[in-house]
Amino acid sequence: MKTKSFPAIFVRLNLVPRRFAMASGFCYLSCALALSAFVPAMAATAEGELIASYYDCWQPQPPAGWRVLMNSQGPMGDAGNYEALSYVNESPERWIYGGNYYNDEAETIRAGTLNNRVRGMRDGVKQYAISAYQFSEDHPGDAWVTQGNIQGRNQGDGMDLKIYLNDTLKFEKVAAVARDPYLFQCNLGPVKKGDTAYVAFASEDANTLIVQLLYTIEAFPGGTVPPPPAQLIQPAPDAATPVLSYRTVKPDEDYLKKHQGLCDALLEQKPKLVFIGDSITARLGTRDMLNSRFGEQYEPGMFAIGGDWMQNVLWRIENGPLEQVKPKAIVLLIGTNNVGRYTADEISLGIGKIVQTLHRQTPGSEIILMGIFPRGESIHNNPGYEKIKQINKSLAELAEKTDKVVFLDIGDRLVGADGTISKEIMPDLLHVAPKGLDIWADSLSPILARIFDSQQ
């Protein structure tokens, strides 16, 4: 099996690191080698000791040392001007998507890894959102703010980013508000117990600014330099990347464990038909439709993980057992989780890379390339659906010119005559319910029959 080193990836905000239990067999080797491929890239300069992660800061009860502040009393550079913000638990069941904090009765300020909202000015002073970490022990080497990612959205021409150790400015940069995040790191130098690192940002032009922010604080031996920050928010569309943990910027342990389990199951089962995708595909298994609809004829297997982007699927294929399993047919549905962040051309490129990789790994397999399903309440006045139509057109053209690939788009069967999507088909307007899964299975049946009959 081939393994490759891989760049870092944006990790969905609802994933948290969990313990990784390694298992024996082919996929143990796959995951272990893939993880080792990542570590040397980080260790090329120095391996740091994680002190704190901004991932932890935005929880309702962050670990000791973390505070969220705003310079409500005056300019940056004087800790006496900073006011602590208190957590407002507006939606307890959804706090993980971003913390809400307030600093006065007049306004609620949102802070977290997602949707930090920064107002422009207050009493003539530019307002910064500040995350502060107070060190609980001495670090005689160098403490670094590293793995920094900041991405601006909405209004504003720039993001004014400042990093302080106590009241000493250590780093300053006005970064562009752009789709690609600005990557940063900063050497704080030796720190003592009680010292505080402040990472602050504001809108350069005093407009309302919404940003995503990620970083870690790590200790390194004096004189060494950490590796460059990983791209966590917007990986290349054709990059093979596992889900990473925000907290450690390494492959998410729970994700590797899920991948391990899927690999083991495929190797044990050796299915003739494999379904690859994200949570939409995974529901075929959870609804027990794999066995009820395809089990007797095709011995189906599942290779889908909820939340996957196309980059995650590409990594799982490159670090999976398909070369050994060699299924007769593969059903591939992926891309809906990329729609909000990538162009139609980029998504088509990423899915094309997956098809190319499948052909290389298991050239005898027929690929049923699914069009991305529609989503939302209606296909009308729906920019996401317009993008999906462009992607599906490109995928149909790809299948037309690629050997052993057939394109299947069932979107029109999931949408009502008036263009709306019923809750009976998609209760959450994204994932298909049993009725929608039946439509999918019915549409697959004649294609699968042709593929398997021709291979007898």
Side-chain angles (χ1 to χ4, degrees), residues 1-4 6 20-35 37 240-243 251-334 351 353-370 404-405 437 440-441 444 447-448 451-452 455:
M1 184 194 65
K2 301 174 182 177
T3 58
K4 296 183 178 180
F6 49 90
F20 174 36
M22 293 186 179
S24 60
F26 172 85
C27 263
Y28 164 77
L29 180 62
S30 171
C31 293
L33 287 178
L35 184 57
T241 54
V243 167
D252 183 84
E253 295 175 349
D254 187 55
Y255 187 79
L256 292 183
K257 185 177 180 180
K258 290 177 182 177
H259 173 67
Q260 172 78 54
L262 292 175
C263 290
D264 289 344
L266 290 183
L267 283 170
E268 179 181 355
Q269 181 187 3
K270 294 291 180 66
K272 298 176 183 177
L273 169 63
V274 173
F275 287 82
I276 300 177
D278 52 34
S279 58
I280 296 174
T281 299
R283 290 193 173 202
L284 281 169
T286 58
R287 299 287 184 178
D288 198 32
M289 295 195 67
L290 280 189
N291 291 328
S292 63
R293 296 300 300 265
F294 306 110
E296 184 175 343
Q297 292 175 288
Y298 308 125
E299 302 171 23
M302 182 63 66
F303 201 52
I305 295 180
D308 258 5
W309 288 22
M310 56 192 183
Q311 295 97 326
N312 309 144
V313 163
L314 180 58
W315 180 85
R316 288 197 289 110
I317 292 170
E318 290 190 352
N319 295 277
L322 291 176
E323 285 178 310
Q324 293 176 264
V325 174
K326 292 182 172 61
K328 290 184 177 181
I330 294 171
V331 178
L332 173 65
L333 172 61
I334 196 61
I351 296 174
K353 182 66 176 292
I354 293 174
V355 171
Q356 180 185 27
T357 304
L358 288 172
H359 267 317
R360 185 179 70 248
Q361 289 206 355
T362 176
S365 302
E366 296 271 358
I367 299 172
I368 302 174
L369 177 59
M370 300 298 307
K404 291 184 177 293
V405 178
L437 295 175
W440 188 5
L444 285 171
I447 301 175
L448 291 172
I451 292 173
F452 280 79
Q455 294 179 355

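These numbers come from a predicted model, not from an experiment.
Annotation: side chain of Ile276 is in contact with side chain of Leu322 (closest heavy-atom distance under 4.5 Å). The shortest distance between side-chain heavy atoms of Val331 and Val274 does not fall below 4.5 Å. You'll find the side chain of Tyr255 reaches within 4.5 Å of the side chain of Asp308, heavy atoms only. Asn312 is not listed as a side-chain neighbour of Ile305, based on a closest heavy-atom distance of 4.5 Å or more. The closest side-chain heavy-atom distance from Glu323 to Thr362 is not below 4.5 Å. Within the 4.5 Å cutoff, the side chain of Gln297 has no heavy atoms near those of the Phe452 side chain. With contacts defined as side-chain heavy-atom distances shorter than 4.5 Å, the pair Ile317/Gln361 qualifies. Looking at Glu366 and Ile330, their side chains never come closer than 4.5 Å, going by heavy atoms from C-beta outward.
In terms of the side chain to side chain donor-acceptor pair (under 3.5 Å) criterion, Thr357 has no residue partners (sequence neighbours excluded). Residues meeting the side chain to side chain donor-acceptor pair (under 3.5 Å) test with Arg283, sequence neighbours left out: none. Taking Lys272 as the reference, Glu299 meet the salt bridge (charged side-chain N to carboxylate O under 4.0 Å, His left out) condition, with sequence neighbours excluded.
Taking each heavy atom of Val325 and Leu266 in turn, the nearest pair found is CG2-O, 3.7 Å. Shortest non-hydrogen contact noted between Leu262 and Ala304 is CD1-O, 3.6 Å. Closest of all the heavy-atom pairs between Asp278 and Ile280 is OD1-N, 3.0 Å. In plain terms, the two heavy atoms of Pro300 and Pro271 that are nearest each other are C-CB, 3.8 Å. Nearest heavy-atom pair, Gly277 versus Ile334, reported as atom, atom and distance to 0.1 Å: C-CD1, 4.1 Å. Closest of all the heavy-atom pairs between Gly301 and Leu290 is C-CD1, 4.3 Å.
A donor-acceptor pair under 3.5 Å is formed between the side chain of Ser365 and the backbone N or O of Pro327. A donor-acceptor pair under 3.5 Å is formed between the side chain of Arg316 and the backbone N or O of Phe303.
Heavy atoms from other residues, nucleotides or ligands lying under 6.0 Å from CD of Gln269 number more than 12.
The line from NE2 of His259 to CG of Asp252 is 13.0 Å long, rounded to the nearest 0.5 Å. Here Glu318 contributes atom CD and Arg360 contributes atom CZ; the two are 6.0 Å apart, rounded to the nearest 0.5 Å. Distance check, rounded to the nearest 0.5 Å: CD of Gln356 to NZ of Lys353 gives 6.5 Å. Here CG of Leu314 is found 7.5 Å from OG1 of Thr241. Values are rounded to the nearest 0.5 Å. Note: Lys404 NZ to Leu369 CG = 15.5 Å, rounded to the nearest 0.5 Å. In this structure, CG on Leu444 lies 10.5 Å from CG on Leu437, to the nearest 0.5 angstrom.
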For this session: Show the numbers, then the answer: is there a side chain to side chain contact (heavy atoms under 4.5 Å, CB included) between Leu333 and Ile368?
Result: CA-CA 9 Å; Leu333 172 61; Ile368 302 174; over 6 Å; no
For this session: Please lay out, stage by stage, how Met370 and Trp440 fare under the test side chain to side chain contact (heavy atoms under 4.5 Å, CB included).
Result: CA-CA 10 Å; Met370 300 298 307; Trp440 188 5; 3.3 Å; yes
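The ring pair (Phe, Tyr, Trp, His ring centres under 6.0 Å) pairs that include a residue from residues 270-295 are Phe275-Phe294, where partners are two or more places apart or lie in different chains.
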